[in-house]
Q: 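Below is one structure. I have some questions about it.
First the proteins, then the strands, lettered A, B, ... as listed; each starts at 1. These numbers come from the heavy atoms of this one structure, side chains and all, not from hydrogens, waters or symmetry mates.
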Number of protein chains: 2
Amino acid sequence: MIAPSAACYSFGMLIVASDAHRTHHPREPFLDRGRLVDPPEVPERVDRILAAIAGAGLGRPEPPRAFAVRGESGPAARVHSPEYLEFLEHAHARWRDATGLDESSEAVAYARPIRDQPHLDPEHIIAQLGWYSHDSDPVLAGTFGAAVAAVDVTLTAWEAVAGGRERAAYACTRPPGHHAATDSFAGYCYLNNAAVATQAWTDRGARVAIVDVDYHHGNGTQQIFYDRDDVLFVSLHADPAFEYPFFLGFAGERGWGAGEDCNRNYPLPAGVEWDTYGDALASAVTAVRKFGPDAVVVSLGVDTALEDPDTFRLVADDFPRIGATIAALDRPTLVVQEGGYCLDVLGRNVAGVLQELA
Amino acid sequence: MIAPSAACYSFGMLIVASDAHRTHHPREPFLDRGRLVDPPEVPERVDRILAAIAGAGLGRPEPPRAFAVRGESGPAARVHSPEYLEFLEHAHARWRDATGLDESSEAVAYARPIRDQPHLDPEHIIAQLGWYSHDSDPVLAGTFGAAVAAVDVTLTAWEAVAGGRERAAYACTRPPGHHAATDSFAGYCYLNNAAVATQAWTDRGARVAIVDVDYHHGNGTQQIFYDRDDVLFVSLHADPAFEYPFFLGFAGERGWGAGEDCNRNYPLPAGVEWDTYGDALASAVTAVRKFGPDAVVVSLGVDTALEDPDTFRLVADDFPRIGATIAALDRPTLVVQEGGYCLDVLGRNVAGVLQELA
């Protein structure tokens, strides 16, 4: 008889997680297509994921080490602008000063610049919130600390793979990152975890392919690497013709400058099941093979699940298929958590992907 | 004894108003510096203004004539883009189609484009709402009809002055217009009434000075005429360093291209009273005199009043002073209603300005 702990070990992989994300807990309902909804990107997501990973015998989470993420010389500043990082770190304190509201308040943008008008660098916090965001998400008192911790989680997992100690590792990140652009937050994302790790890898001379399987297009990641030929970004997602983020994620977006042909979007119709999804994933993986990366970063959203409020209809068995398809690339692989909001199946589906990469 | 009606006539001026504005009645609370507030730009504003005007013996409102405002060849299309007008006319129907919500729902933007990323013309209504707005104001089922009627009101008053039948006229417009830009709405404004009338005047060869005395900077009007030398835009307002619209309204914005030196902003600190305000207005009027306009358009906001929720502290006697200062320019003058939200003093203060121009 094999003891469960031995089984865990033999099929395990490095799992990195931290409790620091709990300081970022949005609670104010927001408008989604005219309906007020409660924020679904909540701390319990991490608890559910880690419980399922442990239950599947994939491993116990290890804590991150600190990578000195803050500041102009840190790893976040390799993909985000110094002005944006400075804003994000101090936004909530400035918000409290300007509004008289307390630590529990949520700072939300409303004023935006008029297109093509010259303007000074925004100084008032309301202007900064509008300038440094591309939707109406809040900044909380604990947002920056949580986002920095998520980058630490990501880089700790990345370092183990990049250093050759692990063939694959999982960063259990929240807040997620793939909607965060060079200098703006949105879509529950503030610092782009996958982009920071990708940049760290390219800083060591590696060519990296990012495979984004979140239900929503990874518009922030695309923007960050859009003119780069050392990073291939491929994304499968709901067609932006009907789904957030609406402005980006169309098939015609192929990169520009040196990055031409290093960006591939696979917009999919509402309601797709594995037949269609699997075909698109096969095409995406073929593009990755042609690119010939030294390493792969997976932006793992599982909001493609049938049970999620969004439109895709992937079922439990489909998530191991995603994992197996990516594992077949046979490259050092970092998996970074993005979306997935149905608490009842979120962990199961993440574990389903990871079991094939372990 | 002089009968009141005779008194009305002898000191009266052309007042143009319409009931069509009532189809635009926002009711959903919105976030203002983190606090939910009820929309203050409500139909009752017009009722209060017209009652005060009648009470002051300035005149009874005349209805507008129809100027065929809609469409690419109409007067609104001289200052707004055809794409924007097409969007605004059909936005709420598209919103209902996309969301399943009913006629009473309010269409609100949240997704915005990422800066400097290439994207297709936005086709989804959520993307269009983000693209064609510069804050988080709603579009209602009745917004476009009300905005078109406000342009009719404006042009009816304008035509009487431009045609020489009146020396001054007042357009009792709502929704207001001065935050509406070439292709975006915001700040309770959808079509820029003052800009449409100004353009109509310049289309007849006139040089026009716009004097904007609303508490908030007229950022839309500034943008529309920023490169023009046939229109001088002068605006007195709360410093955008602390007040909406935050991004524009600084003293350094002086116009560009042919329009250089044809834009003058007078940002004022919180809490100003007449001493400071009157000095700034004198400077603004001096700039108008130097420009030597053939006609003057006044963007009349009275949200500078002590009783208004905003910070300025003008009192009842100050509004006739504003009117007298502008009247001293001795030019054909069109007055267009912008802001002013304290229902108890709004009408009194509008009438106070107008009595000096009558």
Q: Where do Ser136(B) and Ala109(A) come nearest, in terms of heavy atoms and distance?
A: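 Here Ser136(B) and Ala109(A) meet closest at OG-O, 4.3 Å.
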
Q: Would you mind telling me which of Asp32(A), Asp135(A), Ile114(A) has the largest number of heavy-atom pairs within less than 4.5 Å of chain B?
A: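 Of Asp32(A), Asp135(A), Ile114(A), Ile114(A) has the most heavy-atom pairs under 4.5 Å with chain B.
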
Q: Side chain from CB out, backbone as N, CA, C, O: work out which of these in Ala186(A) comes under 4.5 Å of a heavy atom of chain B, or both, or neither.
A: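 For Ala186(A), there is no contact with chain B at all, as no heavy atom is under 4.5 Å.
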
Q: For Arg78(B), does the CZ atom sit with more than 12 other heavy atoms under 6.0 Å from it, leaving out its own atoms?
A: no

Q: Does the side-chain contact (heavy atoms from CB on, under 4.5 Å) test come out yes or no for Tyr110(A) and Phe246(B), once each step is laid out?
A: CA-CA 11 Å; Tyr110(A) 49 95; Phe246(B) 299 109; 4.2 Å; yes

Q: Under 4.5 Å from any heavy atom of chain B, what part of Asp116(A) do you find: side chain, backbone, both or neither?
A: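 Just its backbone gets close to chain B.
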
Q: Measure the CD1-CG distance between Ile126(B) and Leu31(A) for me, rounded to the nearest 0.5 Å.
A: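 Rounded to the nearest 0.5 Å, the CD1-CG separation comes to 9.5 Å.
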
Q: What do you reckon, is CZ of Arg313(A) surrounded by more than 12 foreign heavy atoms closer than 6.0 Å?
A: no

Q: Heavy-atom cut-off 4.5 Å, strictly under: side chain, backbone, both or neither for Pro245(A) against chain B?
A: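 Pro245(A) touches chain B through backbone heavy atoms alone.
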
Q: Do you know the tightest heavy-atom contact between Ala111(A) and Phe247(B)?
A: O-CE1, 3.5 Å

Q: Quick check on Thr99(A) against chain B: is it the side chain, the backbone, both or neither that has a heavy atom closer than 4.5 Å?
A: both

Q: Given Arg35(A) and Leu101(B), is the side-chain contact (heavy atoms from CB on, under 4.5 Å) satisfied, shown in steps?
A: CA-CA 9 Å; Arg35(A) 290 169 171 92; Leu101(B) 295 171; 3.5 Å; yes

Q: Under 4.5 Å from any heavy atom of chain B, what part of Trp256(A) do you find: side chain, backbone, both or neither?
A: side chain

Q: Which of the residues Ala127(B), Ala98(B), Pro122(B) is involved in the greatest number of heavy-atom pairs with chain A at under 4.5 angstrom?
A: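 Most pairs with chain A among the choices: Ala127(B).
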
Q: When only pairs under 4.5 Å are counted, which of Pro240(B), Pro118(B), Pro138(B) shares the most heavy-atom pairs with chain A?
A: Pro118(B)

Q: Please identify, among Tyr226(A), Trp131(A), Phe30(A), the residue contributing the most non-hydrogen atom pairs under 4.5 Å to chain B.
A: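 If we count pairs closer than 4.5 Å to chain B, Trp131(A) comes out on top.
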
Q: Given a strict heavy-atom distance threshold of 4.5 Å, which part of Glu123(A) is in contact with chain B: side chain, backbone, both, or neither?
A: neither

Q: Find the one option among Gly220(B), Ala241(B), Ser105(B), Gly252(B) whose heavy-atom pairs under 4.5 Å with chain A are most numerous.
A: Ala241(B)

Q: Report which part of Leu248(A) has an atom under 4.5 Å of a heavy atom belonging to chain B: side chain, backbone, both, or neither.
A: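 The side chain, not the backbone.
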
Q: Counting heavy-atom pairs closer than 4.5 Å to chain B, which one of Leu129(A), Asp183(A), Val108(A) comes out on top?
A: Asp183(A)

Q: Carefully, step by step, assess His119(B) and Phe250(A) under the rule side-chain contact (heavy atoms from CB on, under 4.5 Å).
A: CA-CA 9 Å; His119(B) 62 80; Phe250(A) 295 95; over 6 Å; no

Q: Which distance, rounded to the nearest 0.5 Å, do you find between the CD of Glu243(B) and the NE2 of His124(A)?
A: 8.0 Å

Q: Can you establish whether the number of heavy atoms outside Asp121(B) located under 6.0 Å from its atom CG is more than 12?
A: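 Counting neighbours around CG of Asp121(B), 12 or fewer heavy atoms of other residues, nucleotides or ligands fall under 6.0 Å, so no.
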
Q: Would you sort out whether Gln222(B) and Gln117(A) count as a side-chain contact (heavy atoms from CB on, under 4.5 Å), showing the intermediate values?
A: CA-CA 9 Å; Gln222(B) 169 172 311; Gln117(A) 274 284 283; 3.6 Å; yes

Q: Near Arg96(B) CZ, under 6.0 Å, is it more than 12 heavy atoms from other residues, nucleotides or ligands?
A: yes

